Amino acid sequence: MDIIQQALYENIFLLNESDVDCLIDFKLKDFDPVESICYSSFLNMICQTTPTDELLHLEICGIGRLFEKKHMINLYLNPKIIYHRDNLLHYICRIISNKIDGENRITGKDIGSNPNIWKYGEALLLINNKINFLGYQNFERELIKSFPYHFPKTLFWFYKQRIIRYSYIYKEILPNSVKQKDILQAGIKLIEEKYSIKFVDYIDTIKGLFIWFLAVRETGLGSPHFDMNNIGTFYIDKNKFKGTTVIPTVAALSKDIDGFYDEFKKERRDKIDNDLFCYMQAIFDYPIFKSGDTEYCIIDFKFLVEGICSGLVWKIDSIVKNENRENYSIQKTKEEYGYLLEEYFAFLIEKIFSEVDVTRNQDGRPDAVLTVNVDDKKYIIIFEFTTKPFRISSLYNKTSTNFIEDIKRILFSDKSSDKGKFLNLDKYVSDYKEECCAIIPILITESWIGDYDLLNRIDTVLSKNLQEHKLSNLLMFEPVILSLDDLETFWAVSAEGKESREFIELLKTWGKVHKGQYLYNFSSFVSEDKRVTNKKYQEFFRISNLTN
């Protein structure tokens, strides 16, 4: 049965969930587990970092055949994306959780005579059936949880910025910060104890892996490097890194099949309520697979990078909960982490905008205010910054209930100790609206939580809550939601000395364009058909910072 027949079979007979699960298990039961996990991880890497038109020409291990349009034509009638990160990760988790222990291999035989490559494709198609038709997918949440993989051509820039950003935060800002940092440093110490590595080695290893898999061309460092036409270059071999800190760090972030199985059985407080994504926390904690005594492979590059980025507190939290640590406050850790990122936000915005007025840690004041005159009109941009994230269950649960709860918590909370960010912005606008000018309130988030119009697609949750909380100032001046990625990307393509004026003009245009063509992402909008030209950006985010 080929993929076309499988697709037609599904749609004609309207398989229910138990039927789909039985078919998936039937197709997986004879596969070699280690090879299946490695092959799926390999696919996950190349499909997240390679444009689709290039994937169509791949011939290695049957990938090209599974992508050929002549075999996929009928799939265009259905919302199916077989090679998707979610499908591949669920496939890996299913192999482990079901203790699959067969001998059939996907690779190693002539493509034309190996039926396992088609059986593998059929299993992924059935998994995709579960995601698309059994209520587990939501357009808005899908965009947010998988960002920045929608933009494989610009993925290098997003990850380069993030890795250099957090390296600077931990190596430069944290040691010199005058704010509270003892508990956060204790959390980082927990990571070092948990994984038996130095945190600086952790960061440097991520830099090295990033260069290997995504930045060879830009850095000019050619050995070792990932070649998607050679599956052998995907593996991290102990023998290639003798005498370095790479292998100890990789080993600390990895599990073999038995280790993952034990992780899967652990109780999680923030549970995911479905079998498709219920093991994602374990993959986040350990995004590398130990495939043998001397080899490792990256299961998910996004989780690997996020471990030193916005996921750091999540990683600390996971250690605290799983090890039942006493006398340790994760809430205090989050507060100190927030202070640390606020310092970077202030540093970044002062770098970009020479006119900005940054107000550090002053209650009742915006985090920053930018006043600019454009064509004889006065504009005031009010910035509020937050590190508040979505919970993992909010992004992966069946329904949007937790997701909406998190939107309300982040933006509209009435708690005096943890005010919603839109409540703060509404007050700040009130303080400035008598100045008879155009006001643009902006919430800057650490990681992308979605554009205003994207979030409002879900039952008009933002409009309704603005009215319910009587935030009349934000009803008059609609808020903008941007991320640190957005600010850094804008900085890259802006003209030196004209950043403030260009920012105003882009914000005005952003409010009028059809955002769907940019997947509601400001970075995609501002970088369209533009080159990196700002020398101050190039100095801070220079490639050599990846090798220092």
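For the single chain, residues carry numbers from 1 onward in sequence order. Small disclaimer: the values here were computed from a predicted structure and weren't measured.
- Scanning for side chain to side chain contact (heavy atoms under 4.5 Å, CB included) contacts around Lys512 gives an empty result, with sequence neighbours left out.
- In the displayed structure, Lys332 atom NZ is contacted under 6.0 Å by at most 12 heavy atoms of other residues, nucleotides or ligands.
- If you take CG on Leu126 and CG on Asn87, they are separated by 10.5 Å, rounding to the nearest 0.5 Å.
- Listed by chain and residue number, Ser393 satisfy the side chain to side chain donor-acceptor pair (under 3.5 Å) test with Asp270 (two or more places apart in sequence, or in another chain).
- Phe289 pairs by the side chain to side chain contact (heavy atoms under 4.5 Å, CB included) definition with Val34, Ile37, Cys38, Ile257, Phe260, Ser291, Cys297, Ile299, not counting sequence neighbours.
- A donor and an acceptor atom, one from each side chain of Tyr520 and Arg457, are located under 3.5 Å apart.
- Taking the ring axis of Phe303 as reference, the NZ or CZ atom of Arg85 stays within 45° of it and closer than 6.0 Å to the ring centre.
- The salt bridge (Lys or Arg N to Asp or Glu O under 4.0 Å) test applied to Lys29 returns no partner, not counting sequence neighbours.
- Side chains of Trp314 and Glu306: no donor on one and acceptor on the other come within 3.5 Å.
- Checked options Trp157, Tyr159, Trp448; the residue passing with Pro148 is Tyr159 (criterion: side-chain contact (heavy atoms from CB on, under 4.5 Å)).
- Of all heavy-atom pairs between Met45 and Phe234, the closest is CB-CE1, 3.9 Å.
- Taking Lys421 as the reference, Glu384 meet the salt bridge (Lys or Arg N to Asp or Glu O under 4.0 Å) condition, with sequence neighbours excluded.
- Qualifying salt bridge (Lys or Arg N to Asp or Glu O under 4.0 Å) partners for Asp406, counting only residues two or more places apart in sequence or in other chains: Arg391, Arg409.
- From Glu446, atom CD reaches atom CG of Leu312 across 9.0 Å, with rounding to the nearest 0.5 Å.
- Looking only at side-chain heavy atoms (C-beta outward), Phe525 and Val513 come within less than 4.5 Å of each other.
- The distance between the ring centers of Phe403 and Phe390 falls below 6.0 angstrom.
- Residues that satisfy the side chain to side chain contact (heavy atoms under 4.5 Å, CB included) test with Lys119, not counting sequence neighbours, are Lys27, Phe31.
- More than 12 heavy atoms of other residues, nucleotides or ligands sit less than 6.0 Å from atom CD of Gln517.
- Pairs of residues two or more places apart, or lying in two chains, that qualify as salt bridge (Lys or Arg N to Asp or Glu O under 4.0 Å) and include a residue from residues 460-475 are Asp459-Lys464.
- Annotation: side chain to side chain contact (heavy atoms under 4.5 Å, CB included) contacts of Ser413 (sequence neighbours excluded): Lys415.
- With ring centers used as reference points, Tyr344 lies 6.0 Å or more from Tyr166.
- A donor-acceptor contact closer than 3.5 angstrom is absent between the side chains of Ser523 and Tyr518.
- We find that Lys398 and Asp273 are not joined by a salt bridge, their nearest charged nitrogen and carboxylate oxygen being 4.0 Å or further apart.
- Thr387 pairs by the side chain to side chain donor-acceptor pair (under 3.5 Å) definition with nothing, not counting sequence neighbours.
- By the salt bridge (Lys or Arg N to Asp or Glu O under 4.0 Å) test, Lys408 pairs with no residue at all, sequence neighbours left out.
- In this view, Phe345 and Phe385 satisfy the ring-ring contact (aromatic ring centres under 6.0 Å, His included) rule, not counting sequence neighbours.
- Judged purely by distance below 3.5 Å, without hydrogens or angles, the side chains of Asn397 and Asn274 never pair a donor atom with an acceptor atom.
- Side-chain polar atoms of Asn44 and Ser41 form no donor-acceptor pair below 3.5 angstrom.
- Between Phe422 and Tyr452, the two ring planes are parallel [angle under 30°; tilted spans 30° to 60°].
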